[in-house]
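These numbers come from the heavy atoms of this one structure, side chains and all, not from hydrogens, waters or symmetry mates. Chain identifiers are assigned alphabetically (A, B, ...) following the order of the sequence lines, protein sequences preceding nucleic acid strands; residue numbering begins at 1 within each chain.
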Protein chains: 2
Amino acid sequence: MNKMHKEHTLTKNQQIIFDLIDKSSEPLKAYSILYNVQKKGIKAPLQVYRALDKLVEIGKIHKIESRNAFIACHNSSCQVAKATAFSICEICEKVTEISSAGLSKYLANFKDKDGMKYSKYNLEFFGLCKKCR
Amino acid sequence: MNKMHKEHTLTKNQQIIFDLIDKSSEPLKAYSILYNVQKKGIKAPLQVYRALDKLVEIGKIHKIESRNAFIACHNSSCQVAKATAFSICEICEKVTEISSAGLSKYLANFKDKDGMKYSKYNLEFFGLCKKCR
DNA sequence: ATATTAATGTTATATTATTACACAGTGTTA
DNA sequence: TAACACTGTGTAATAATATAACATTAATAT
């Protein structure tokens, strides 16, 4: 194994849960994940939440806060869950990760009037997707 | 016709709960609100959630999604909970509503590459406040 | 090897939020 | 003045989301 390129090798539980989320076309909720992985030996909520926490921490998945649900990261530019933006359709609940250099740059450089410096942000846009419009 | 901000007369439960949140220096959680208003006759979670839902809907309070907590709106420019932005200190958990014309304008005009039009957004910045830095 | 850190397994419990149903007040319609 | 729609209330029960506590095992570093 080449260790110079630091890659997070997922553990068994993390891999099982990541695979499920990654294959899903929609955000998954923790207990829905639990039901889906019980046949693979993951029996308790805590096993799911621990894997989710770790996956979020290393940026493989993101949590959609307004929906308490998780999606895989498909945006190579969002490093380690530090800066996330999503669009959410209020009818069909389709969630898409937004990948916009302009937006990232604007938000990364944003400073409020107290001069507070931000290490992280999460932005959720709501509206109607093309199909639902 | 220029429709002015409609004045909502709060009902008894809504007023009790709004007053509590409005006086608070920090975001309040639903069950913490419940414990605090039980002496005023509000006994059940649902009574709290119903008032919270309405207060959010009319823009008197906002929900901090990442914290499941509620704060009063102190930003006259954020009409009816459509466009909200907050800064959250990851140490002391102080939450401040951000009121920046530039930011509002940028986000209100943001269009993603699918041309999705957004009716609403919520942005949460995380970092360290002045005191905790 | 052994110390240390990270992950696991398990039970129990805490926290957050909604469903379902009965009823009361208000204003509008007819 | 009823019939209706609409909004809010009260209450009990339950669903959905998340964490605490503790014992154990696996992986990594020195």
Side-chain angles (χ1 to χ4, degrees), chain A residues 1-21 26-71 80 93 95 122 124, chain B residues 6-21 24 26-71 80 93 95 122 124:
Chain A
M1 273 300 201
N2 188 352
K3 284 288 176 64
M4 302 216 21
H5 177 77
K6 166 119 188 191
E7 193 67 36
H8 283 277
T9 306
L10 301 183
T11 65
K12 183 166 149 284
N13 288 359
Q14 289 160 13
Q15 189 69 58
I16 290 169
I17 285 169
F18 175 72
D19 287 346
L20 183 69
I21 296 171
E26 57 186 8
L28 295 179
K29 300 183 146 233
Y31 277 72
S32 146
I33 292 168
L34 176 58
Y35 299 139
N36 277 284
V37 297
Q38 276 177 330
K39 48 185 169 296
K40 303 213 167 159
I42 294 176
K43 294 175 187 167
L46 193 46
Q47 294 174 289
V48 173
Y49 281 105
R50 282 196 285 224
L52 290 174
D53 286 349
K54 188 66 183 179
L55 291 168
V56 166
E57 184 193 326
I58 65 181
K60 301 279 287 180
I61 65 172
H62 302 304
K63 181 172 187 180
I64 311 300
E65 293 287 355
S66 66
R67 300 297 187 260
N68 299 315
F70 300 84
I71 64 169
V80 209
E93 290 291 325
V95 173
N122 179 58
E124 299 180 7
Chain B
K6 170 160 184 184
E7 204 57 44
H8 285 273
T9 306
L10 301 184
T11 64
K12 182 167 149 284
N13 288 359
Q14 289 162 11
Q15 189 69 57
I16 290 168
I17 286 169
F18 175 71
D19 287 344
L20 183 70
I21 296 172
S24 173
E26 58 186 8
L28 295 180
K29 301 185 145 232
Y31 277 71
S32 145
I33 292 168
L34 176 58
Y35 300 140
N36 276 283
V37 296
Q38 277 178 331
K39 50 184 169 292
K40 301 213 167 161
I42 295 176
K43 293 175 187 168
L46 192 47
Q47 293 174 291
V48 172
Y49 281 105
R50 282 195 285 223
L52 290 174
D53 286 351
K54 189 64 183 183
L55 291 168
V56 165
E57 183 193 328
I58 64 180
K60 301 279 287 179
I61 66 173
H62 302 305
K63 181 172 187 179
I64 311 300
E65 293 286 355
S66 66
R67 299 298 187 260
N68 299 316
F70 300 85
I71 63 170
V80 209
E93 290 291 327
V95 173
N122 179 57
E124 298 180 8

**Q.** For the student: nearest non-hydrogen atoms of A:K63 and A:V56, plus distance
**A.**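 Scanning both residues completely, I find the closest heavy atoms to be N-CG2, 4.5 Å.
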Q) Would you say the base of C:dA17 and the side-chain of B:Y31 have a donor-acceptor pair closer than 3.5 Å? A)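 Check passes, donor-acceptor contact within cut-off.
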Are any of [X]'s side-chain N or O atoms less than 4.0 Å away from OP1 or OP2 of [N]?
| X | N | result |
| --- | --- | --- |
| A:K43 | C:dT10 | yes |
| A:K63 | D:dA18 | yes |
| B:N68 | D:dT17 | no |
| A:K29 | D:dT17 | yes |

Atom-pair distance ([atom1] on [X]; [atom2] on [N]), nearest Å:
| X | N | atom1 | atom2 | value |
| --- | --- | --- | --- | --- |
| A:R50 | C:dT11 | CZ | C1' | 12 Å |
| A:E65 | D:dT17 | CD | P | 13 Å |
| A:N13 | D:dT25 | CG | P | 16 Å |
| A:R67 | D:dA18 | CZ | P | 14 Å |
| A:L34 | D:dT17 | CG | C1' | 12 Å |
| A:K54 | D:dA27 | NZ | C1' | 13 Å |
| A:D53 | D:dA20 | CG | C1' | 14 Å |
| A:L10 | C:dA6 | CG | P | 16 Å |

[X] and [Y]: side-chain donor and acceptor closer than 3.5 Å?
| X | Y | result |
| --- | --- | --- |
| B:N36 | B:Q38 | no |
| A:E65 | B:S66 | no |
| A:N13 | A:Q15 | no |

Q: Please determine, for the side chain of B:L46, which listed nucleotide (D:dT11, C:dG9, D:dG8) has the closest atom?
A: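 So the nucleotide nearest the side chain must be D:dT11.
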Q: Assign each of B:Y49 and A:Q47 to its nearest nucleotide of DNA chain C by heavy atoms, then name whichever residue's nucleotide is nearer the 5' end.
A: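 Per heavy-atom nearest nucleotide, the more 5' residue is A:Q47.
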Q: Using the closest heavy atom to pick a nucleotide of DNA chain D for each, name whichever of B:T11 or A:P45 lands nearer the 5' end.
A: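 Counting from the 5' end, the first nearest nucleotide belongs to B:T11.
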Q) Any side-chain heavy-atom pair from B:L28 and B:F70 closer than 4.5 angstrom? A)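 Side chain of B:L28 against side chain of B:F70, heavy atoms only: no contact under 4.5 Å found.
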